A.B. asks: 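I have a structure here, written as C-alpha cells, and I will follow up with some questions on it.
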Amino acid sequence: METLEKNQTDIKQLTGAQAVVQSLIEEGVDLIFGYPGGAIMPVYDALYDVDDQLEHVLTRHEQGAIHAAQGYARSTGKVGVCLATSGPGATNLITGIADAQIDATPLVCITGQVASHLLGTDAFQETDVIGISMPVTKWNYQVTKASEIPKAIAKAFYIAKSGKPGPVLVDITKDAQFEASKYQYQPFTGMRSYLPAPQLMSSKVKEAADLINVAKRPFVLFGQGVILSQAEAEFKAFIEKTGIPAGWTILGLSALESDHPLNVGMLGMHGNYAPNKLTNECDVLIAIGMRFDDRVTGNLDKYAKQAKVIHLEIDPAEIDKNVKTDVAVLGNAKESLEALTKLVHPNQHSDWLQRFRTLEQEEYEAVIQNELEPKEETLTMGEVIHQINKASDGKNVFVTDVGQHQMIACRYARFLQSKSMITSGGLGTMGFCLPAAIGAKMGVPDKQVIGIIGDGGFQMTLQELGTIFQSKVPVKIVVLNNEFLGMVRQWQELFFDKRYASTIMVNPDFQTIVKGYGIQTKLVQERSELQSAVQEMLECEDAYFLEVRVGKENNVFPMVPTGASVSEIRLK
Amino acid sequence: MKKRFTISVFTEDVVGILNRVTIIFTRRKINIESIAASESEVDGVHRYTIVITEQEDLVKKVVLQLEKQVEIIKAVYQLDKDIIYQEIALYKVPTNVLASGGEAEKIVRAHFARVLSVEPEFTVLEKTGHKNETQDLFNELEPYGILEFVRSGRVAITKPMRTLKSIITELENN
C-alpha cells in the first residue's frame, strides 16, 4: 500500500492500516507481539514497510502474544502492545486481557474485525470481541472508519497507561483498515468522564500522619501501586523516616530490596510467618498501593480487627471494598507518600521490629533452612532459587508461572531492583511465564531474565519455545519438575485425604522437545549437578533451558488455610 | 438489611456503555429490578435509572465500581425518600368491559387512569404512579380481562440541588 502524500501542509492521506502503524510509532512503540490472520492482514502489510522502526515478534499463539506484551510492560513500565486477528485470534487474547486487568498492566490490544457490513451476521471468523472483552478491559472501542483510527489509538494509550493502568482493546474492521483517510496524529490529553487519579487531599494526609505519629506498632503493607507510580524512592524514604516494618504482596515484590532492614517479607497465604502473624497485632495498618486481595487477607472477619487502617490508594473503588478503612488517602502513591513523609515524625520501632525478627527466626528453623539447604536426598524448589541467588548479583528479573514454584520463587528470590518480579498474581494464569519471560527479556535485553515454571504450566504455552527459537530471545527458562500439578496436589494432600484426582502428570521428555527448538538444555537430577548447571545457565549468552527434578510431594509452607485468619498461619 | 435503592448513572453517549453498566451488577449477581435510559438535560450525557434491593454497603461498592468505568461520568445512589420518582403503565383491555356505567369504568375513574386509544376490540389505558399504584389498578382490572400489560422502569429526579451541569463543568475543568 502506497502512502498518498498530499501537497498541502502535514496532512497525509493514509490507509487505516497505515494509520494504525503510524499511530503506534507516534506513541513511541518499537516492539509489538502478535499473530496474523485474515481480518488483520492490511495492518500486517503496513508493518512490512516499517520493520526498521517497529519490530513485530511472531508468537506461536495469540495467548503467547498477549502474555509477552504483559511481560514487556511489567519489565519496562511501558505500554505493551499486541496484535491479533478477528474471531479465534481475538478470543485467544482474553485470558491475557483478564490477567492484565486484575494486575493493572497497561496494554493496548489491537484486533482485526470482519468488514463493517458483515458485523452481526455470523461471518467467517466474526466474534463480538467488544462484548466479550468488556468485563475485562479498562476500555474498548470498535473502529469502523479509517478516520477514527488516530484518535482511537491515542485514546487507547492514554487510558491504558494513566491512573491505575489496565488493558484496552481497539477492534478495527477490515474495511476501515483498507479505507484511505486524512491522517493527523494528536496525543490524547483527557476526558471529562475519566479522572486518572483523584486529587490528593491534604486533610487526609494529615489524619494519616497523626495516626502514624502516635502508633506503637505500625505495620506497612505495600503492593504494585508503589511500582506503577514509580514511588520506590518515596516509599523507602517513608519507611526509613518512620522506622515502620513493611510486608509486600507478590505484585509489590521488588519495589523494596529484599535485604532492606525494614523488609519483613511476604504477606498472605504462602507468605512469611511474621508479617501474617503480626498483622493481627499491629495498632496501625498502612496499606500502600495494594487492594487487600483475599489471598493476602485470609478470613476478613479476623483480619487486623485491632488496627486502625490507613489506605493509600489511587482507585476509589478499592476503599472499603474488602477491609474497612479509617483513613483513606486517595491519590497517586508517589504524591501521597511524598506529602505523608513530610508530616510524619522520625521514629524507630526497634522492639516491634524485633518481634518480626524473632518470628522470622522461628520460620527459618521450621521451614526456610530445610527448603534452601535440605537434608533430604531429593532436591527442593527453594534450593534452586537459592542457588540462582548465590550465583548472581540480585539484578535478575524473575518471571514465574502459577503454583508451588511461584510461591517458592516469590518467597526466596532476592531483589535489588524494582520491576524485577513478573508474576500472574490476581488471575493466577498458568502458562503465563514462558511468553511473559520472552516479552520481559525483549523489554530489558541487558538484564538477566529468568523464567521459573512448573511442569504443568510449562506445557500450557510450551509452543512459545518456537518464538524463542525464531526471534533468538536469550531468556533463561527453569522448569521445576515434580511431575505433579503441585499446588493442587498439596491441597489434595492436606484437605482432600490425598485423593490425587487428575494432578499426576505423565510428562514427555522435555529435553528432547527443547532440543528440537535448538535451545541449549540441561537436566539436573542430583544436588551435585545443580551449582554448575545454574552457573552454566547464567553464563550462557543464548537462551537456556534448565530442568530440575524436584521432590514430587514437597509442600509449600507456611500456609494460611482457606477460611483461617492470617495469624493462624501454619508452619507445617 | 436490604433496602430499595435508586441508582442514577450519567454516561457519555457511546455504543456499549449500557453493557458496561449492567456487567457491574451481573458479576455480583445483583438483580436489576428496573432500568430506564434517556438523555439528560446536558447535551451528550445519557442517564440510566436503575432500581435494586440490596444492602447499602454493597450498593456503595457497586456505585464506585460504576464510576470507575472510563465513560461513566457520575453515579449516585439514593433511597426512595431522597427522590421523586414515577413509573408509567399501559393496560390493554377489551373495549366492551368498559361499557358505560360498568364496574370497570368506575375502577378506571377511581384510579385516574387515562384513555389513550379506543378501538372496537380493545382500549389502551395509561396510569402513571408508583409501582403499588399501577399494580393496584392492574389487580382491580384483572377480573375483567387484561389483554396486555407493560410497566416502564422507574424514572427519578433527585432532591439534592446540585445540578448535573455544575458537576460536569467541574470535571471538564479538572
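All chains are named by letter (A, B, ...) in the order of the sequence lines, taking the proteins before the strands, and each is independently numbered beginning at 1. The shown structure was predicted, so the numbers you read here are calculated from the model rather than taken from an experiment.
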A.B. asks: Taking all heavy atoms of B:E71 and all of A:W139, pick out the closest pair and write down the distance.
C.D. replies: OE2-NE1, 2.9 Å
A.B. asks: Which is it for B:T169 and A:R192 under the side chain to side chain donor-acceptor pair (under 3.5 Å) test, yes or no, and what are the steps along the way?
C.D. replies: CA-CA 9 Å; B:T169 309; A:R192 65 182 177 189; over 6 Å; no
A.B. asks: Please check if the number of heavy atoms outside B:R151 that lie under 6.0 Å from its CZ is greater than 12.
C.D. replies: yes
A.B. asks: Are A:M191 and B:I73 side-chain neighbours, meaning at least one heavy-atom pair lies under 4.5 Å?
C.D. replies: no
A.B. asks: Under a 4.5 Å cutoff for heavy-atom pairs, which residue among B:I168, B:V45, B:V70 has the most contacts with chain A?
C.D. replies: B:V70
A.B. asks: Does a sphere of radius 6.0 Å around CD in B:Q55 hold more than 12 heavy atoms from other residues, nucleotides or ligands, not counting ones at 6.0 Å or beyond?
C.D. replies: yes
A.B. asks: Which atoms of A:I130 are under 4.5 Å from chain B, going by heavy atoms: the side chain, the backbone, both sets, or neither?
C.D. replies: neither
A.B. asks: For B:D43, does the CG atom sit with more than 12 other heavy atoms under 6.0 Å from it, leaving out its own atoms?
C.D. replies: no
A.B. asks: Write down the atom of A:K321, the atom of B:K61, and the distance for their closest heavy-atom approach.
C.D. replies: O-NZ, 2.9 Å
A.B. asks: Tell me yes or no: between the side chains of B:E12 and A:S193, is some donor less than 3.5 Å from an acceptor?
C.D. replies: yes
A.B. asks: Should the heavy atoms of other residues, nucleotides or ligands under 6.0 Å from CZ of B:R28 be counted, would the total exceed 12?
C.D. replies: yes
A.B. asks: With a 4.5 angstrom heavy-atom cut-off, could you sort out which part of A:N140 is near chain B: side chain, backbone, both or neither?
C.D. replies: both
A.B. asks: Non-hydrogen contacts under 4.5 angstrom with chain B: give the residues of residues 95-115 of chain A involved, or none if there are none.
C.D. replies: none
A.B. asks: Which atoms of B:I72 come close to chain A, meaning under 4.5 Å heavy atom to heavy atom: side chain ones, backbone ones, both, or neither?
C.D. replies: backbone
A.B. asks: In terms of heavy-atom proximity below 4.5 Å to chain B, should A:K155 be classed as side chain, backbone, both, or neither?
C.D. replies: side chain
A.B. asks: Would one find more than 12 heavy atoms of other residues, nucleotides or ligands at under 6.0 Å from atom NZ of B:K131?
C.D. replies: no
A.B. asks: Go through the steps for A:T137 and B:R20 under the test side-chain contact (heavy atoms from CB on, under 4.5 Å), then give the verdict.
C.D. replies: CA-CA 10 Å; A:T137 47; B:R20 282 209 178 259; 2.8 Å; yes
A.B. asks: Between A:S162 and chain B, with a heavy-atom cut-off of 4.5 Å, which part of the residue counts as in contact: side chain, backbone, both or neither?
C.D. replies: neither
A.B. asks: Which bit of A:E318 comes within less than 4.5 Å of chain B, counting heavy atoms only: side chain, backbone, both or neither?
C.D. replies: side chain
A.B. asks: Any non-hydrogen side-chain atom of A:M134 less than 4.5 Å from a side-chain atom of B:T22?
C.D. replies: no
A.B. asks: Are the side chains of A:K138 and B:Q69 in contact, using a 4.5 Å heavy-atom criterion?
C.D. replies: no
A.B. asks: For B:E121, does the CD atom have more than 12 heavy-atom neighbours from other residues, nucleotides or ligands under 6.0 Å away?
C.D. replies: no
